[in-house]
Protein chains: 2
Amino acid sequence: MTDTAALPKYLQVSERLARQVTAGLLRAGERLPPEREMAEGLGIAVGTLRKALDQLAAQGMLERVQGSGNYIRKPAQASNIYAFFRLELVAGGGLPTARVLTVERVPKPGDLPAFGTSADGHRIRRVRALDGVPVALEEIWLDGDVAARVTPADLSESLYLFYRERLGLAITRIEDRVGIAPPPGFGAEALALPDPACFVERLSWAVEDHPIEFSRTWVHSDRARYVARS
Amino acid sequence: MTDTAALPKYLQVSERLARQVTAGLLRAGERLPPEREMAEGLGIAVGTLRKALDQLAAQGMLERVQGSGNYIRKPAQASNIYAFFRLELVAGGGLPTARVLTVERVPKPGDLPAFGTSADGHRIRRVRALDGVPVALEEIWLDGDVAARVTPADLSESLYLFYRERLGLAITRIEDRVGIAPPPGFGAEALALPDPACFVERLSWAVEDHPIEFSRTWVHSDRARYVARS
DNA sequence: AGGAATTTGTGCGTATGTATC
DNA sequence: AGATACATACGCACAAATTCC
């Protein structure tokens, strides 16, 4: 437990809703109660709730339809809650899943950008799939100081939940860089991606200007693409 | 002039500020007047102005600093106002410019996604540069029905202004897809990009669900990258 | 160092417009 | 046409961060 200052109400609410979506309590397509009802139930003003919903809409998690209602858009999906980009099949859509390959605490290599305070990092390697078809390799570096140990069991459900509930961290800012690069050696068990692949580098901030995570995702662009909607 | 319904005030204000930035009336680093002053000058409520400023901040055009002020972030730059991604040098930053190579009205080829109502499109080809160094090739398809003719002179200043003032169109939604592909044949005069390159496909909506523009940008990823910040 | 002034952030409540059902 | 529900707009009070004296 950190001594983090209390989040603003509107962020508390959007975080809570995001968690409920992640946990599957709110499912895709589901309609939320009317804003006035919901605000009353939460004990906040309608304007505050609307700000929270705007947040979620901006993240693509919610669709707001005037005259109709607010609808959950994203299915419950692991580890993609704060993603700026969505990984999609070339044809669009696809149910995202991820399988953890390895989790190791190792010294940060020199080619990583500066983030966190430790010389070590937790290196998490995963295969990401859409509708069961492997489409990308991913390497996530979590700063060594946020946790002494990380095990695959911690990560099996949702990276998001792990960060929020086990570490007490709320990711507040993300920077993505898009380029191309050859995929790294992920071992024989991993998907063989053609060389080179489109990839996205991500720096995640837990608090302003203090990144605690760095990740790289290599996407087989014949099978899937990163999609961003404004 | 279209019979478009009047835009909400907060969008009118953000559009106007965006134009001023594009036109160079507001320069990078410049601080805006205090919100209360500004709102009074515009004859609107502070909350409405704040919503406009939030828009611009979300677009990366403005930086809002509590206790300090609102600062213009982007330099005056042509045609990048609505960009979801920013094209940056690998080291970060770089002053973006663009040079139009050709503008032609031609039948839409079959590999374009569905957009607009015409069988023809205006094909605009450009070289984009950062700090004077060519880093990307770009092909923009504007639906044939939004204008009978388009000339390079129309585009020399700013694609944004052209859309807004000549065509009366406000881009309201953008969808970007990231992948890799070989750069096309842009003629001998164009920058020779290595094959393949990282590229971004963009569909721009003028009104909800009615895209009028499609573009593809091929980026030499050794020189520049697309960067998105949340 | 410290405190006041300035400036943006959060939160509330209300009234009216507009799209959907 | 009426009811429902989200969108816009206004105004106010207080909190929090920054700036300046």
Side-chain angles (χ1 to χ4, degrees), chain A residues 3-17 26 29-73 170 172-173 205 207-210 230, chain B residues 3-17 26 29-73 170 172-173 205 207-210 230:
Chain A
D3 62 322
T4 313
L7 286 175
K9 284 188 187 178
Y10 76 93
L11 282 182
Q12 289 181 32
V13 171
S14 64
E15 296 283 341
R16 173 173 164 177
L17 287 172
L26 297 173
E30 191 165 345
R31 200 186 95 172
L32 297 180
E35 294 179 353
R36 282 185 174 75
E37 252 176 61
M38 208 172 161
E40 192 183 9
L42 293 166
I44 62 176
V46 179
T48 304
L49 173 62
R50 283 184 58 76
K51 197 163 178 180
L53 297 179
D54 284 341
Q55 280 272 321
L56 297 176
Q59 294 173 25
M61 200 177 312
L62 194 70
E63 189 174 1
R64 315 193 62 180
V65 183
Q66 182 177 170
S68 178
N70 295 301
Y71 301 86
I72 303 294
R73 183 147 40 168
T172 59
R173 199 156 75 84
W205 278 253
V207 292
E208 189 66 26
D209 290 334
H210 294 291
S230 70
Chain B
D3 62 324
T4 313
L7 287 175
K9 284 188 186 177
Y10 77 93
L11 281 182
Q12 289 181 32
V13 171
S14 64
E15 296 283 340
R16 173 173 165 178
L17 287 171
L26 296 173
E30 191 165 343
R31 200 187 94 170
L32 297 180
E35 295 178 354
R36 282 181 176 76
E37 252 177 61
M38 210 171 159
E40 193 183 10
L42 293 166
I44 62 176
V46 179
T48 304
L49 173 62
R50 284 183 59 76
K51 194 161 179 180
L53 297 178
D54 284 340
Q55 280 271 321
L56 297 175
Q59 294 173 25
M61 198 178 312
L62 194 69
E63 188 175 1
R64 314 194 62 181
V65 184
Q66 181 177 170
S68 179
N70 295 300
Y71 302 86
I72 303 293
R73 183 146 41 165
T172 59
R173 199 156 75 85
W205 278 253
V207 292
E208 188 66 24
D209 290 334
H210 293 291
S230 71

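What you see is a predicted model, and the numbers here were worked out from it, not measured in a lab.
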Legend entry - Interatomic distance where CD belongs to B:Glu37 and C1' belongs to C:dT8 [whole Å]: 14 Å
Legend entry - Atom-pair distance (CD on A:Glu40; C1' on C:dG13), nearest Å: 14 Å
Inset, instruction - Write down the distance between CD (B:Gln55) and P (D:dA9), rounded to a whole number of angstrom. - result: 11 Å
Inset, instruction - Go through D:dC6, C:dG11, D:dA9 for me and flag the one nearest to the A:Lys9 side chain. - result: C:dG11
Legend entry - Distance test, side-chain N/O of B:Tyr10 to OP1/OP2 of D:dT8, below 4.0 Å: yes
Legend entry - Nearest-0.5 Å distance that lies between atom CD1 in B:Ile44 and atom CD in B:Gln12: 9.5 Å
Inset, instruction - May I ask you to evaluate whether B:Asn70 reaches the phosphate of C:dT8, defined as a side-chain N or O under 4.0 Å from OP1 or OP2? - result: yes
Legend entry - Matching residue for A:Leu62 among A:Leu26, A:Leu17, A:Leu53 - test: side chain to side chain contact (heavy atoms under 4.5 Å, CB included): A:Leu53
Inset, instruction - Step by step, work out the side-chain contact (heavy atoms from CB on, under 4.5 Å) result for B:Leu42 and B:Val13. - result: CA-CA 8 Å; B:Leu42 293 166; B:Val13 171; 4.0 Å; yes
Legend entry - Value rounded to 0.5 Å, distance of CG in A:Leu49 from CG in A:Leu32: 8.5 Å
Inset, instruction - Please report the closest heavy-atom contact between A:Ala52 and A:Tyr10, naming both atoms and the distance. - result: CB-O, 3.2 Å
Legend entry - For the student: nearest non-hydrogen atoms of A:Thr48 and A:Lys9, plus distance: CG2-CB, 4.1 Å
Legend entry - Gap between atoms CG and C1', on B:Leu32 and C:dT6 respectively (whole Å): 16 Å
Legend entry - Spacing of A:Glu35 atom CD relative to D:dT8 atom C1', expressed in whole Å: 12 Å
Inset, instruction - Using heavy atoms and a sub-4.0 Å distance, could you list which residues of residues 43-52 of chain A are near DNA chain C? By number, please. - result: A:Ile44, A:Ala45, A:Thr48, A:Lys51
Inset, instruction - State whether the number of non-hydrogen atoms from other residues, nucleotides or ligands found under 6.0 Å of A:Glu30 atom CD is greater than 12. - result: yes
Inset, instruction - Over all heavy atoms of both residues, which pair between B:Ser68 and B:Arg31 is shortest? Give the atoms and the distance, please. - result: O-NH1, 3.3 Å
Inset, instruction - Please report the shortest heavy-atom distance between A:Leu56 and A:Ser14, naming the atom on each side. - result: CD2-O, 3.5 Å
Inset, instruction - Assign a letter to each nucleotide of nucleotides 15-21 of chain C from its 5' end: B, base within under 4.0 Å of a protein heavy atom; S, sugar-phosphate only; -, no contact. - result: --BBBBS
Inset, instruction - Provide, to the nearest angstrom, the distance between the CZ atom belonging to A:Arg31 and the P atom belonging to D:dT4. - result: 12 Å
Inset, instruction - Find the distance A:Met38:CE to C:dC12:P and express it as a whole number of Å. - result: 14 Å
